[in-house]
Amino acid sequence: MQTILDSADQPAHDAFVEKKSEFIGDACHIDSLDEALAFVQMIRDRHPKARHVAYAAVCGGSDGRLAERMSDDGEPSGTAGKPILDVLRANEMTDCVIAVTRYFGGILLGSGGLIRAYSTGASIAVKAATKAKIVPCSEYQVTLDYSQLGSFQNLLASVQGDQADAQYTDRIVLAVVVPQEQSQQFESRVVETFNATVTPQKTGTSNRPVKM
């Protein structure tokens, strides 16, 4: 699966004109469907004179299943929200929302024209977005001396790992996440680099975005 990294404050954005109607696509990352609704409302507030703000959102559920929501926002049923959702599905995306705003230009597009226009509006927003691949990761706790921190951070970056948390006392205790496909290499390299004085303690697993 993929996701979009752009935030609600700075969403991925693009626009085009079809038969005098302007279609504006905005896309961003979300952590829940409630965040998707808040984003759509923000887009509506930015475009108070727009005729329609249709949207679709996909979010991963806690049970591993995807939750979806969409709205035609007054367009004929199936001509706006579903084409946007189809773009999300076709790109295998989750944890993101796309809103397509329409300023009506006075020329009717017909059902087929609307479907194509909303699909295009969603597609150009996805194309403009900073995307990431959702990958399964291993979570570790690592205890270091202060003198070891720089070498460890370089090693962590080399395996596409991220630091999630840190506690600084007489030593440093880090919480880090590493893509599972890199986890064995990470464990062995830590032991080798620090002559077995540092041993990563695995604490769990999670999914996280890795920039593409």
Chemist: Between the side chains of T203 and Q141, is a donor N or O closer than 3.5 angstrom to an acceptor N or O?
Modeler: no
Chemist: Measure centre to centre between the rings of F104 and H52, then say whether the value is under 6.0 Å.
Modeler: no
Chemist: Do V40 and V87 belong together in a cluster built from hydrophobic side chains that touch within less than 4.5 Å?
Modeler: no
Chemist: With heavy-atom distances below 4.5 Å as the criterion, would you say the side chains of M1 and M93 are in contact?
Modeler: no
Chemist: Is a side-chain donor-acceptor pair under 3.5 Å present for R51 with S21?
Modeler: no
Chemist: Are the side chains of L108 and K19 in touch, meaning some heavy atoms are under 4.5 Å apart?
Modeler: no
Chemist: Would the distance check show the side chain of S119 and the main-chain N or O of R116 forming a donor-acceptor pair, the cut-off being under 3.5 Å?
Modeler: no
Chemist: Ring centroids only, cut at 6.0 angstrom: are F23 and Y103 within range, meaning strictly under it?
Modeler: no
Chemist: Taking the basic N atoms (NZ, or NE/NH1/NH2) and the acidic carboxylate oxygens, is any pair closer than 4.0 Å for R208 and D162?
Modeler: yes
Chemist: Taking the side chain as everything from C-beta on, heavy atoms only, tell me whether T193 gets closer than 4.5 Å to F152.
Modeler: no
Chemist: Assess whether a salt bridge exists between R89 and E68, defined as any Lys/Arg side-chain N lying under 4.0 Å from an Asp/Glu carboxylate O.
Modeler: yes
Chemist: Indicate yes or no: at least one non-hydrogen side-chain atom of P209 is less than 4.5 angstrom from one of L5.
Modeler: yes
Chemist: Under a 4.0 Å N-O cut-off, is there an ion pair linking D72 with K82?
Modeler: no
Chemist: Indicate whether the side chain of H47 and that of T101 have a donor and an acceptor atom separated by less than 3.5 Å.
Modeler: no
Chemist: Run the ring-ring contact (aromatic ring centres under 6.0 Å, His included) test on F39 and Y55 for me, step by step, so that the C-alpha distance in whole Å, both residues' side-chain angles and the decisive distance to 0.1 Å come before the verdict.
Modeler: CA-CA 10 Å; F39 174 74; Y55 77 91; 9.3 Å; no
Chemist: Less than 4.5 Å apart, any side-chain heavy atom of I98 and any of V126?
Modeler: yes
Chemist: Is a donor from one side chain sitting under 3.5 angstrom from an acceptor on the other, for Q41 and D45?
Modeler: yes
Chemist: Are the side chain of D95 and the backbone N or O of G60 linked by a donor-acceptor pair below 3.5 Å?
Modeler: yes
Chemist: Could you tell me whether the side chain of V190 reaches within less than 4.5 Å of the side chain of T199, counting heavy atoms only?
Modeler: no
Chemist: Is there side-chain contact between T94 and Q2, with heavy atoms separated by less than 4.5 Å?
Modeler: no
Chemist: Examine the side chains of H13 and D26 and answer whether a donor and an acceptor come within less than 3.5 Å of each other.
Modeler: yes
